[in-house]
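What you see below is based on every heavy atom in this structure, not just the backbone, and it leaves out hydrogens, waters and symmetry mates. Note that this is a predicted model, so its numbers are computed, not measured. We count residues from 1, following the sequence as given.
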Amino acid sequence: MKKLLLLSLILCATAATSSAANLEVLGEFIYDTTTDLTYIEGVSGKVDYDSANRTLTLEDATIATTESKEAIWTDYDDFKIIVKGNNTLKSADISLYFMGKNLTISGDGVLNLECDGYAALYISSGDDQTTTIKGCTVLAKSTQCGILGFDNGLGSEVSKLVVDNAKVIAYGHPATTPEERGWPAIKALKGLTLTNCSITYPAGAYLGECPKYDTWCVITAAGESVVDKVEITPNGEGAVSSISADGAQPTAIYDISGRHLSDYCNGVNIIKYADGKVQKVVQRVK
């Protein structure tokens with residue numbers, strides 16, 4: 001009888017463990033059987049979870065805490081977040097912390113990521129990963145980095161960001177004293193691919209070696225890390241299909257007629273990189 005009871009307890013514990021999802025909302029584990037997450041304190045609006053497709057749908061939702069825990073954390077591969085309406089993830093630590101492979105944020109809504117800690121969007125993993133922001137608007141604001149990849153020094157980056165016909169604004173944290181180093185708005189990425197969109201602020205910014213940190217970040221045309229904000233916007237009608245940068249520095253800029261330029265111009269720019277790549281990008285200079 002004792003052996004049977006012990007076996008039953010082991011089986012129950014195993015079943016409970018196997019059903020637990022690698023997803024947390026405000027520090028609470030989300031099980032595969034859970035669909036409506038509005039029962040969690042700090043969650044409002046519409047928050048639905050489809051465990052079969054690893055999809056979290058936010059519609060006019062708020063997931064917020066003043067404590068040092070992530071609004072959303074997951075290490076699931078191929079995880080998807082769909083945003084509808086106006087949504088906010090807010091935390092004193094990290095707003096959205098992704099540790100799996102391939103995260104997609106899409107929809108026709110807005111996702112506000114706000115935190116008083118490390119990063120608003122932290123995409124970190126031990127393996128190559130790609131985070132895609134498609135068709136929606138993402139605003140990432142933190143007291144340090146707006147968007148942060150795996151940061152273990154130059155050459156250790158694994159996180160790639162793809163922005164596809166979307167608006168993304170990432171805010172950094174400028175230094176408050178001459179001795180301080182400002183935190184870049186977008187930092188520690190292995191690659192940045194912009195499809196049907198471009199960096200519109202600051203003009204001429206690109207992914208390059210950060211002058212004050214041993215990693216890649218978005219830097220200005222003059223080679224300084226961008227610490228106030230990086231703004232990426234859709235190109236609109238007639239957009240160039242894609243531009244990608246993997247730490248390659250532009251060496252020359254030409255207009256559509258092939259004339260050499262000293263800086264980016266409004267419209268189509270032809271960019272030649274140090275690694276030999278030649279690409280086109282539509283730039284709206286402010």
Legend entry - Flag for Asp77-Asn102: side-chain donor and acceptor within less than 3.5 Å: no
Inset, instruction - Indicate whether the side chain of Thr74 and that of Glu24 have a donor and an acceptor atom separated by less than 3.5 Å. - result: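 No, no side-chain donor-acceptor pair sits under 3.5 Å.
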Quick one: does [X]'s side chain have a donor or acceptor within less than 3.5 Å of a partner on [Y]'s backbone?
{"X": "Ser124", "Y": "Met99", "result": "no"}
{"X": "Asp50", "Y": "Ala52", "result": "yes"}
{"X": "Thr65", "Y": "Ser91", "result": "no"}
{"X": "Asn87", "Y": "Val110", "result": "yes"}
{"X": "Tyr201", "Y": "Ile232", "result": "no"}
{"X": "Ser142", "Y": "Gln144", "result": "yes"}
{"X": "Thr143", "Y": "Asp116", "result": "yes"}

Inset, instruction - Could you tell me whether Trp73 and Phe98 have their ring centroids closer than 6.0 angstrom? - result: no
Legend entry - Carboxylate-amine/guanidinium contact Arg54 Asp32, below 4.0 Å: yes
Inset, instruction - Decide, yes or no, whether a salt bridge links Lys101 with Asp78 under the criterion of side-chain N to carboxylate O below 4.0 Å. - result: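 No, no charged N to carboxylate O under 4.0 Å.
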Residues 38-46 side chain polar contacts: donor-acceptor under 3.5 Å, at least two apart:
unit_1, atom_1, unit_2, atom_2, d
Thr38, OG1, Asp36, OD1, 2.7
Thr38, OG1, Asp36, OD2, 3.2
Tyr39, OH, Glu28, OE2, 3.2

Inset, instruction - List for me each residue that meets side chain to side chain contact (heavy atoms under 4.5 Å, CB included) alongside Ser68, sequence neighbours excluded, and say none if there are none. - result: Ala92, Asp93
